[in-house]
A.B. asks: 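Structure provided below as structure tokens; questions to follow.
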Amino acid sequence: MEIKRIAPDIGVSSQLAPQDIGAAAAQGYKTIIINRPDGESDDQPDHAAIQKAAMAQGLRVKYLPVVAGKMTDADVSAFAAAMRGSPAPALAYCRTGTRSATLWALSQAGHLSADAILGAAADAGYDLSALRPKLEGSAVAVQRSGRSKTYDIVIVGGGAAGIATASSILKRRKTVNIAIIEPRTEHYYQPGWTLVGGGVFKRENTQRQMARVMPRGVHWIRAACAAFAPQDNKVILEDGERIAYKTLVVAPGLKLAWDKIDGLRDTLGKNGVTSNYLFDMAPYTWELVQSLKGGKALFTQPPMPIKCAGAPQKAMYLSCDAWRRSGALQNIDVSFHNAGGVLFGVSDYVPALTRYVERYGVNLNFNENLVAVDGPSRKATFEVSHEGGETKYIERDFDMLHVCPPQTAPDFIAESPLANDAGWVDVDPETLQHVKYGNVFSVGDANSAPNAKTAAAVRKQAPVVAVNILRTLEGEPPHAVYNGYGSCPLTVERGRVVLAEFAYGGKLDPTFPSWFLKGTEPTWKGWFAKANLMPWLYFDLMLKGREWLAKPKILPHRPVAHAAAPAISEGKGPAKAA
Ligand code: FAD
């Protein structure tokens with residue numbers, strides 16, 4: 001959190017946490033204006049938590065949520081009224097601060113010159129030049145303004161998929177101009193969080209500055225994408241600015257839907273409730289594992305799809321292994337509650353996993369979906385479905401609860417013209433090209449391809465899209481294909497991993513010959529790969545476009561399944577399915 005003073009009576013900031021309010025009060029702020037709607041992202045404290053912290057410091061709070069990309073004149077008026085009616089100075093925040101800065105800028109139109117407003121915003125680090133027509137009273141609406149440049153390739157999301165794809169493209173052609181739209185200043189190596197929760201990695205090892213992983217030559221637009229206008233070849237940012245592209249890669253990952261479980265958000269990080277699915281929370285898993293000497297430990301898995309389908313049970317095995325080593329396991333009643341009906345989706349790996357379940361004495365419960373958590377009284381409620389469609393609810397006590405949250409497509413994807421019925425970016429599973437808009441591709445967790453949602457899948461998808469998108473820019477149909485590869489290193493104990501690697505249809509797709517590494521069995525080589533090789537493979541190879549063992553398969557004469565060479569010039573509209 002960095003507070004930027006724009007004018008004497010107003011400062012803006014990216015997302016605040018309750019513990020930041022003290023610093024805001026110390027800087028003299030008297031009012032907090034919250035412009036970010038609750039539930040916009042998975043790691044966001046809701047407005048009630050901020051309000052509580054602010055009131056404890058004697059600050060006034062106004063909750064004026066503005067949906068990204070959909071700012072209205074009424075929002076601007078409400079912001080101006082809040083500033084007039086509240087003690088100054090006020091500190092306004094949203095995800096990055098851009099929406100708040102935009103609201104302030106528009107609320108000043110007619111009072112200050114456009115140059116003064118834009119200059120003040122720029123001094124605070126916000127480039128609001130797209131607002132100039134509106135600020136100057138032009139009839140052109142904010143929503144119609146934007147940067148005049150059309151990028152060859154716009155990438156939405158600077159996670160594993162966005163960065164790897166940009167690097168793979170640049171490796172093939174340095175001259176394309178690429179913009180990556182990404183609001184975060186940190187990039188996370190999420191596969192490392194399992195090892196943070198298992199006490200093997202430090203949380204800091206899984207985080208890098210976003211600026212460090214951005215490929216050289218890429219234009220980083222530090223903003224969040226709010227919507228898509230594929231018929232105009234444009235994406236819309238949260239402040240309403242439109243960015244034009246010739247081709248688009250959609251890679252914003254997925255949404256962790258914490259709010260689908262009643263009471264969970266309030267108790268996450270306390271009362272023995274944890275999750276390796278958050279950077280901030282994974283160390284708490286290890287804290288709980290170390291302190292638990294007896295009682296009940298529950299591990300949950302929601303309905304598919306989720307990212308890294310093995311992660312919920314990996315957390316359990318590493319916890320059990322630590323308890324076995326400390327002697328506590330015999331006093332801990334461990335159970336796994338899976339909304340699905342099998343331990344792992346690819347049956348070849350189940351025998352090895354079952355042996356560990358037996359070794360640790362884990363109670364397996366299938367078709368049990370966590371629906372509510374009462375942290376203070378340490379009770380978890382599960383919806384249990386039985387054959388014949390009968391459903392009942394079971395309440396269980398716990399001393400430790402590791403939750404894998406339900407997962408969905410991000411809202412701005414699900415509500416867009418790019419989504420399929422389930423909300424994911426609707427792509428051809430082999431070429432990863434959008435089924436309707438031929439100049440749109442998607443990589444990573446956000447797409448509809450039925451692979452295991454993993455960084456390992458991204459490693460193979462990114463080169464495929466790099467090849468196909470460059471072909472699209474040349475007016476040629478895609479010809480690189482992805483086989484559905486995904487991988488899940490199941491950390492069954494400290495020092496051993498069952499290295500699951502498979503492609504579409506659950507077909508085993510091992511990287512190494514079985515005489516060297518047998519993926520269906522626990523091996524120390526698998527552990528060595530997970531703990532030592534994979535972080536290097538991720539940061540130093542995949543994110544840099546070095547496609548070790550990930551060269552895309554090229555079909556000599558691929559029949560054109562969906563889109564032929566799309567119309568990519570601005571104003572011509574998207575390619576239609578052939
Ligand atoms: P992400 O890496 O999540 O990146 C998405 C990016 O998009 C983020 O930077 C985000 O800020 C940005 N974004 C979001 N909204 C917007 C917006 N509106 N506008 C612009 N940008 C936006 N994979 C493995 O291969 N092996 C493992 O062992 C493994 N273990 C895992 C364990 C855990 C606990 C977790 C949580 C994940 C694990 N994964 C594993 C899965 C892997 O991390 C993901 O599949 C991978 O990160 C997906 O990449 P992505 O780029 O699609 O999404």
Side-chain angles (χ1 to χ4, degrees), residues 157-172 180 182 184 186-216 218 251 253 276 279 282-283 286 307-308 310-311 314 318 443-445 452-466 485-502 509-513 516-519 522-552:
I163 301 289
T165 306
S167 293
S168 277
I169 294 169
L170 287 169
K171 184 176 162 247
R172 288 173 172 78
I180 295 185
E182 167 60 61
R184 284 189 203 269
E186 295 83 27
H187 178 103
Y188 297 111
Y189 173 59
Q190 300 170 35
W193 295 347
T194 294
L195 295 183
V196 175
V200 181
F201 276 8
K202 291 267 167 286
R203 172 175 88 158
E204 295 67 39
N205 302 143
T206 66
Q207 182 188 35
R208 293 238 171 127
Q209 289 300 305
M210 190 63 77
R212 268 186 72 197
V213 300
M214 279 283 158
R216 195 172 303 155
V218 157
N276 285 350
F279 172 76
W286 182 234
K307 53 180 160 187
C308 195
K314 292 190 224 178
L318 286 181
V443 184
D445 293 349
K453 293 186 185 297
T454 55
V458 166
R459 193 164 71 83
K460 303 274 185 145
Q461 290 184 357
V464 167
V465 167
Y485 175 87
S487 166
C488 189
L490 291 137
T491 48
V492 284
E493 61 177 295
R494 195 186 261 243
R496 282 191 188 269
V497 153
V498 171
L499 184 57
E501 293 179 283
F502 46 90
D509 191 11
T511 300
F512 304 106
F516 178 72
L517 195 162
K518 195 166 182 198
T523 61
W524 68 265
K525 288 178 185 168
W527 176 268
F528 181 79
K530 171 76 184 163
N532 300 289
L533 281 184
M534 287 178 190
W536 166 77
L537 183 69
Y538 181 90
F539 284 117
D540 296 320
L541 299 189
M542 180 176 122
L543 294 194
K544 295 190 172 156
R546 297 180 183 134
E547 296 163 9
W548 182 58
L549 298 172
K551 292 272 176 284

A.B. asks: Using side-chain heavy atoms (C-beta onward) and a distance below 4.5 Å, is Arg459 in contact with Tyr485?
C.D. replies: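 Yes, their side chains come closer than 4.5 Å.
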A.B. asks: I want to check something: taking the side chain as every heavy atom from C-beta on, are Leu543 and His187 in contact at a cut-off of under 4.5 Å?
C.D. replies: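 When only atoms from C-beta onward are counted, His187 and Leu543 do touch, with a gap below 4.5 Å.
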A.B. asks: How far apart are the C-alpha atoms of Lys171 and Glu547, what are their side-chain angles, what is the distance that settles it, and do they pass the side-chain contact (heavy atoms from CB on, under 4.5 Å) test?
C.D. replies: CA-CA 10 Å; Lys171 184 176 162 247; Glu547 296 163 9; 4.2 Å; yes
A.B. asks: Could you tell me whether the side chain of Glu182 and the main chain of Gly158 form a donor-acceptor pair under 3.5 Å?
C.D. replies: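 Answer holds: yes.
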A.B. asks: Are Glu493 and Leu318 side-chain neighbours, meaning at least one heavy-atom pair lies under 4.5 Å?
C.D. replies: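 The answer is no; the side chains never approach within 4.5 Å.
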A.B. asks: How close do Arg172 and Ala466 get, counting heavy atoms only, and between which atoms?
C.D. replies: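 Looks like NH1-CB, 3.8 Å.
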A.B. asks: With the side chain counted from C-beta on, respond yes when Met534 and Pro489 share a heavy-atom pair under 4.5 Å apart, and no when they do not.
C.D. replies: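 SC-SC contact between Met534 and Pro489 confirmed.
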A.B. asks: What distance separates Lys544 NZ from Leu170 CG, expressed to the nearest 0.5 Å?
C.D. replies: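 So the gap between those two atoms works out to 14.0 Å.
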A.B. asks: Mind checking whether Thr491 and Val200 have side chains closer than 4.5 Å, heavy atoms only?
C.D. replies: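 Thr491 does not reach Val200 side chain to side chain.
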A.B. asks: Here's a test for you: under ring-ring contact (aromatic ring centres under 6.0 Å, His included), which of Tyr538, Phe279, Phe539 qualifies with Tyr188?
C.D. replies: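 Of Tyr538, Phe279, Phe539, ring-ring contact (aromatic ring centres under 6.0 Å, His included) with Tyr188 is met by Phe279 alone.
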A.B. asks: Is there a donor-acceptor pair under 3.5 Å between the side chain of Lys307 and the backbone N or O of Gly253?
C.D. replies: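 Answer holds: no.
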A.B. asks: With a 4.5 Å limit on heavy-atom distance, are the side chains of Leu490 and Val497 in contact?
C.D. replies: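 No, every pair of side-chain atoms sits at 4.5 Å or beyond.
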A.B. asks: Can you check whether Phe516's main-chain N or O pairs, donor with acceptor, with Lys525's side chain at less than 3.5 Å?
C.D. replies: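 Yes; at least one donor-acceptor contact below 3.5 Å.
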A.B. asks: Provide the closest heavy-atom pair for Ile180 versus Ala166 in the form atom of the first, atom of the second, distance.
C.D. replies: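 Taking Ile180 first and Ala166 second, the nearest heavy atoms are CD1-CB, 3.8 Å.
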A.B. asks: Under 4.5 Å between any side-chain heavy atoms of Lys314 and Cys308, yes or no?
C.D. replies: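 They are in side-chain contact.
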A.B. asks: Please report the closest heavy-atom contact between Arg496 and Pro522, naming both atoms and the distance.
C.D. replies: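 Looking at all heavy atoms of both residues, the shortest contact is NH1-O, 3.5 Å.
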A.B. asks: For the atom pair CH2 (Trp536) and CH2 (Trp548), what is the distance rounded to the nearest 0.5 Å?
C.D. replies: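 Interatomic distance, Trp536 CH2 to Trp548 CH2, rounded to 0.5 Å: 6.0 Å.
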A.B. asks: Pairs under 3.5 angstrom only: tabulate donor-acceptor contacts from the side chains of residues 203-215 to other protein residues two or more places apart or in another chain.
C.D. replies:
residue	atom	partner	partner atom	Å
Arg203	NH1	Asp280	OD1	3.2
Asn205	OD1	Lys202	N	3.1
Thr206	OG1	Trp193	NE1	3.1
Thr206	OG1	Arg203	O	2.7

A.B. asks: Side-chain contact, heavy-atom cut-off 4.5 Å: Leu499 with Ser487?
C.D. replies: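 The answer is yes; the side chains approach within 4.5 Å.
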A.B. asks: Between Pro463 and Val458, what is the shortest heavy-atom contact and its length?
C.D. replies: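 What the structure gives for the nearest pair is CD-O, 4.3 Å.
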A.B. asks: Closest heavy-atom contact between Ala161 and Ala251?
C.D. replies: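 Nearest pair, atom of Ala161 first, then Ala251: CB-CB, 3.8 Å.
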A.B. asks: Over all heavy atoms of both residues, which pair between Ala282 and Asn276 is shortest? Give the atoms and the distance, please.
C.D. replies: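 Between these two residues, the closest heavy atoms are CA-OD1, 3.8 Å.
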A.B. asks: Atom OG1 of Thr511 and atom CG of Leu517: how far apart are they, to the nearest 0.5 Å?
C.D. replies: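 Reported to 0.5 Å precision, the distance equals 9.0 Å.
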